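Before any comments, here is the structure.
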Amino acid sequence: MSHVEGTARISHQDRIFLVKFHQSNLAEIVAGRLAQNRASCTPLRYIGAVFVTEHARLDADLVAVALRHGVALPDAPSARQQQELDEIAEKTGRHFDRAWLYLQIAGHLEALHLIQQQLWHGKSAEVKQLASDAEPLIRHHLALVRWALTVC
């Protein structure tokens with residue numbers, strides 16, 4: 001398959017998913033590092049480490065697909081995501097922990113929405129497979145965060 005053929009098979013929806021899910025992964029990696037360094041609740045430091053590792057793995061797969069299909073990816077989270085990360089980074093102690101948890105719930109629900117949109121409207125089987133593979137992991141992350149709300 002030539003580069004041109006691969007690019008032709010990527011729809012607008014596929015491109016949107018690749019870009020937005022990449023930014024979601026980047027935001028989760030930054031958030032995970034914040035939790036590792038700033039959380040006062042031990043489970044959040046563990047969850048942060050899990051998020052860094054697992055979102056980096058998800059993103060490596062996504063970047064490989066984007067490169068194969070000539071989709072340019074941003075090198076940072078979206079402006080909104082960065083602002084939210086900056087806001088929680090200013091907090092300390094329990095205020096940080098709670099803000100981090102609520103940001104993670106919102107971020108993972110948004111990621112699940114992106115996945116559902118891709119599964120319903122995407123054209124590329126390869127990009128749809130990325131979404132399908134990511135879904136159980138994102139659901140697991142959401143469950144971890146919801147559990148942490150009960151203990152932190």
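Each residue takes its place number in the sequence, starting with 1. The structure presented is a predicted model; accordingly, all values stated were derived computationally and were not measured. We use all heavy atoms of the structure for the numbers below, so side chains are in, but hydrogens, waters and symmetry mates are not.
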Give a yes or no on whether Leu73 and Leu26 share a hydrophobic cluster (residues Ile, Leu, Val, Met, Phe, Trp, Tyr; joining criterion: side-chain heavy atoms under 4.5 Å apart). no
Hey, any chance Ile10 and Leu114 share a hydrophobic cluster, counting ILVMFWY side chains that come within less than 4.5 Å of each other, even indirectly? yes
Quick one: salt bridge (Lys or Arg N to Asp or Glu O under 4.0 Å) partners of Glu110, sequence neighbours excluded? Arg80
When hydrophobic residues are tied together by side-chain contacts of less than 4.5 Å, even through go-betweens, does Val63 share a cluster with Val127? yes
Check Ile138, Asp133, Thr53 against Leu58 for a side-chain contact (heavy atoms from CB on, under 4.5 Å) and give me the one that passes. Ile138
Take Ile88 and Arg38 through the test side-chain contact (heavy atoms from CB on, under 4.5 Å) and record every step on the way to the result. CA-CA 10 Å; Ile88 66 164; Arg38 295 182 156 269; over 6 Å; no
May I ask you to decide if Ser11's main-chain N or O and Asp14's side chain share a donor-acceptor pair within less than 3.5 Å? yes
Could you give me the CA-CA distance, side-chain angles and deciding distance for Glu126 and His69, then say whether side-chain hydrogen bond (donor to acceptor under 3.5 Å, both in side chains) is met? CA-CA 10 Å; Glu126 191 174 21; His69 295 286; 2.6 Å; yes
Determine whether the side chains of Gln23 and Gln81 contain a donor N or O and an acceptor N or O closer than 3.5 Å. no
Check: Arg94 side chain, Cys152 main-chain N or O, donor-acceptor pair, under 3.5 Å: yes
Sidechain-backbone polar pair: His22 side chain, Asp59 backbone, donor-acceptor under 3.5 Å: no
Report whether Val145 and Leu44 are members of the same hydrophobic cluster (ILVMFWY, side-chain heavy atoms less than 4.5 Å apart, transitive linking). yes
According to a 4.5 Å side-chain heavy-atom criterion applied to Ile, Leu, Val, Met, Phe, Trp and Tyr, with indirect links allowed, do Val19 and Ile16 form part of one hydrophobic cluster? no
Sequence neighbours excluded and cut-off under 3.5 Å, please list the side-chain donor-acceptor pairs for residues 99-108, or say none.
residue	atom	partner	partner atom	Å
Trp100	NE1	Ala31	O	2.9
His108	ND1	Gln104	O	2.9
His108	NE2	His55	NE2	3.4
His108	NE2	His141	ND1	3.3

For the residue pair Asp97 and Ser40, confirm or rule out a side-chain donor-acceptor distance under 3.5 Å. yes
